[in-house]
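Hydrogens, waters and symmetry mates are skipped; everything else that's a heavy atom, side chains included, is used.
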Amino acid sequence: MYKIFENIAYEELHIGKKFEIEGIEFDSRKIKENFVFVAMMGSVVDGHNFIQKAIDSGAKMVIVEKKVNVEDYKGYENVTFIFVENVRKKLGVIASNYYDYPQNKIKIIGITGTNGKTTSSYILENILEKTSRIGTTGNRILDEEFPTVNTTPESLELIKLIDESVKKGAEYFIMEVSSHALEIGRVDMLEFDSAIFTNLTQDHLDFHKTMENYFRAKKKIFKMLRKGALGVVNIDDEHGKIIYDEDNSKYLSVSIKDKNADFYGEIIEYTNDGMKIKIVVKGIEEVLDINLVGEYNLYNVLGCVASIVSLGINVEFIVEKLKHMSSVPGRFETIKNNLGARIVVDFAHTDDGLLNVGETLKDITENRVITVFGAGGDRDHDKRPKMAKAAAKFSDFIILTSDNPRTENPTDILNQIEEGLTEINFSKDKYMVIEDREEAIKYAIENVLSKGDSLLIAGKGHETYQIIGKEKKHFDDREIARKYCK
C-alpha cells in the first residue's frame, strides 16, 4: 500500500486506480488532480460533506474517519477510500511519511505557556540566524511572511512549513505551541530540540474546562523532547516549579527571584527605550540595555537565552544580538505623540497579562494610568471579571470596550467584565463603558489623557482586525491611536 500509511492503522473501504500522489489536503478547495483528500470532522465543518467536491476536483484517494458508503459518490470507481480512526491525530504521521520527515532535518524550538510565547519567538528569531517562525502574529520562512489562522497550524500545514523551511535552508524552526495543539495532537509527530515553559494563568477554559486539564496539556511538550534535549522552565511560576521539581535533571531553570537558578536576571533600571538588565549564567554576569520593558519580558529573555545556550551557542554571541534587537510589534508598543504622555498598545488579554503590563507601566508613569480594554467573545467567560479586577490594581481610570465580540452580544461581555469592578467596589466615577472600540480610544486620548499620564490600550496588540459576528473587518489599535493623537 502507499508509503503515507506507514505506522498507521487503516482499513481499505475501496481500491481505485493506482496513481502517484501529487499532494495531500484537508481543504477541498485546494484539491488538484491526483491529490489525496483528508475528510476530518471539525467543530463547525465536517469534511465528509466535501468528498464529492474533492473527487470532482481530481482527488484519487479519500481518507475518512467515518465509514461512508463509497457507492454514494459519483466517480468512486477510480478513487481509493481509506478509513483511519481519529484521522486528525494521525494526520501528522501521514504528512511526515509523504514529506519524508523534514522535522528531523532542522532544529525545532517550541514555546508554550499562557503569556510570552510570541515575544519569546521574536527574541529567538532575532538571536538565531536562518530561522523560520510560526505563531500568533503569522508564519515566516527566512524573510517570507505568511498569514496564519491558528497559533499552531494543523499538523499537515505544519509539516509543509517545516519541509519548505528545510528546502530553503533554514536551520531553526521556532514555534509557539498552543495548549489546543498539544491536546488534540497537532504536534504529536514532532520532537523538540528545546522547549520553553513561560508561565500558566487562566485562559482557554472554554476548551480545557479546568486548570488541571490546561496544565496537563501544556506539560505534554516536555515528553516530546529529543533524547538529551533539555526543557526550560520559569521556576518563579507555581506551575513551572511543579514541573521543575518533578525531575530537575531534565530542565534548565530561569528566575528573577532565585539567584541559584541556572539563568538568573535583574532589572537594573528602566531607560527611555527599554531597560538595563543583568543576567547571570553559570556565575558569569552580563549587563546590557534591551528594547523591552518589564519583569515579564525579563523572564522571556532568560527563557530564550537558556534555550539557545542549551543548543550549544555561547552567551557572548547571544548578548550582542540582544543589544541590537528592536521592540516586539504589539507588545508594549509605544505610540509616538506630542501630548507629553505615554501611549502603549499591548496584546495582554488575560488577567495576568494585564497585570504584568499594567504594573510595569505604573512603575514608569509620572501621573495616572488610563486603561482601555475588553474581552473576546465565544471564549472563556470566567476570566472577564478577573481581568477587570487586575486592571483596577494599577489603573486610575478604566474604559471598558469591545475586543473581538464574535457571535456574542458585546453588551453581555461588557456586563460580565463590569461585574469584576462591582465586586471590589471600584468607584463608578473611575470607569466608564464605551462599546465602540474606536470611540473608546478616541475618548481616552481626547478627554481623559493628560501630560505625564500613560494610556494602555490592551487586548489586540498586533492584530489588524476586529471580529464582530462572523465578519472580520480592518481595525488596528495603533492606527486608531495615531489618528486621534493628531
Side-chain angles (χ1 to χ4, degrees), residues 107-113 115-131 171-172 174 192-199 221-222 225-226 228-237 239-271 273-328 356 360:
K107 285 187 167 64
I108 302 177
I109 305 171
I111 311 142
T112 200
N115 301 306
K117 295 188 296 296
T118 298
T119 299
S120 295
S121 70
Y122 184 86
I123 295 168
L124 288 167
E125 71 176 345
N126 274 269
I127 296 173
L128 297 168
E129 296 169 352
K130 295 185 179 179
T131 64
E171 294 177 0
Y172 299 92
I174 301 159
F192 294 93
D193 294 275
S194 175
I196 303 171
F197 177 87
T198 58
N199 49 60
I221 195 170
F222 293 117
L225 285 167
R226 290 195 205 277
L230 294 172
V232 176
V233 177
N234 169 11
I235 59 170
D236 293 346
D237 177 89
H239 293 94
K241 189 73 165 66
I242 291 169
I243 294 170
Y244 185 76
D245 287 345
E246 285 175 356
D247 185 353
N248 59 26
S249 67
K250 294 180 178 178
Y251 305 103
L252 295 171
S253 59
V254 304
S255 175
I256 65 172
K257 297 175 182 176
D258 183 352
K259 291 186 176 181
N260 293 315
D262 297 311
F263 293 79
Y264 169 75
E266 293 176 9
I267 296 173
I268 297 172
E269 63 178 351
Y270 287 108
T271 63
D273 299 312
M275 57 187 179
K276 184 185 289 292
I277 63 170
K278 176 173 79 174
I279 59 176
V280 184
V281 182
K282 296 175 182 175
I284 300 170
E285 291 187 8
E286 295 280 356
V287 175
L288 64 150
D289 289 295
I290 59 171
N291 287 318
L292 296 171
V293 176
E295 288 185 347
Y296 62 101
N297 273 323
L298 180 53
Y299 282 117
N300 293 331
V301 168
L302 289 170
C304 292
V305 172
S307 172
I308 297 170
V309 167
S310 78
L311 295 174
I313 296 171
N314 68 60
V315 176
E316 292 76 14
F317 173 84
I318 298 169
V319 167
E320 280 306 307
K321 289 281 192 172
L322 283 170
K323 287 177 181 176
H324 299 100
M325 183 179 68
S326 58
S327 57
V328 186
N356 284 336
T360 297

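A heavy-atom distance below 4.5 Å is not found between the side chains of Phe197 and Tyr251. The shortest side-chain heavy-atom distance between Ile221 and Phe192 falls under the 4.5 Å cut-off. Between Glu295 and Ile267, some side-chain heavy-atom pair lies under the 4.5 Å cut-off. A heavy-atom distance below 4.5 Å is found between the side chains of Phe222 and Ile243. Side-chain contact between Lys250 and Leu225 is absent, with no heavy-atom pair separated by less than 4.5 Å. Between Tyr172 and Leu124, every side-chain heavy-atom pair lies at or beyond the 4.5 Å cut-off. Counting heavy atoms from C-beta outward, Glu285 and Ile279 have side chains that stay 4.5 Å or more apart. Side-chain contact between Val287 and Ile268: present, with at least one pair of heavy atoms (C-beta onward) separated by less than 4.5 Å.
Rounding to the nearest 0.5 angstrom, the gap separating the CG atom in Asp289 from the NZ atom in Lys276 is 4.0 Å. Taken to the nearest 0.5 Å, the OG1 atom of Thr119 stands 10.0 Å off from the NZ atom of Lys117. Considering CD1 of Ile235 and CG of Leu252, their distance stands at 11.0 Å, rounded to 0.5 Å. Taking CD of Glu171 as the start and NZ of Lys107 as the end, the distance is 8.0 Å to the nearest 0.5 Å.
Residues Leu302 and Ser255 share a closest heavy-atom pair of CD1-O, 3.6 Å. In terms of heavy atoms, Asp258 sits closest to Tyr264 at O-CD1, 3.4 Å. In this structure, Ser253 and Tyr244 approach most closely via the heavy-atom pair CB-CE1, 3.7 Å. Closest approach of Leu288 to Ile290, counting heavy atoms only: CD1-CG2, 3.6 Å. Of all heavy-atom pairs spanning Ser120 and Thr198, the tightest one is OG-CG2, 4.1 Å.
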Validation: residues 303-326 side-chain donor-acceptor distances under 3.5 Å, sequence neighbours left out:
| from | atom 1 | to | atom 2 | distance (Å) |
| --- | --- | --- | --- | --- |
| Ser307 | OG | Ser194 | OG | 2.7 |
| Ser310 | OG | Ser307 | O | 2.6 |
| Asn314 | OD1 | Glu316 | N | 3.3 |
| Asn314 | OD1 | Phe317 | N | 2.8 |
| Glu320 | OE2 | Lys323 | NZ | 3.2 |
| Lys321 | NZ | Glu129 | OE2 | 3.2 |
| His324 | ND1 | Glu320 | O | 2.8 |
| Ser326 | OG | Tyr122 | OH | 2.7 |

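Using a 3.5 Å distance cut-off with no hydrogens or angles, the side chains of Asn297 and Asn300 do pair a donor with an acceptor.
Legend: residues meeting salt bridge (Lys or Arg N to Asp or Glu O under 4.0 Å) with Asp193, ordered by chain and number and at least two apart, are Arg226.
Ion pairing of Lys257 with Asp236 is absent here, as no side-chain N (NZ or NE/NH1/NH2) approaches a carboxylate O to less than 4.0 Å.
For the pair Ser121 (side chain) and Thr118 (backbone), a donor-acceptor distance under 3.5 Å is present.
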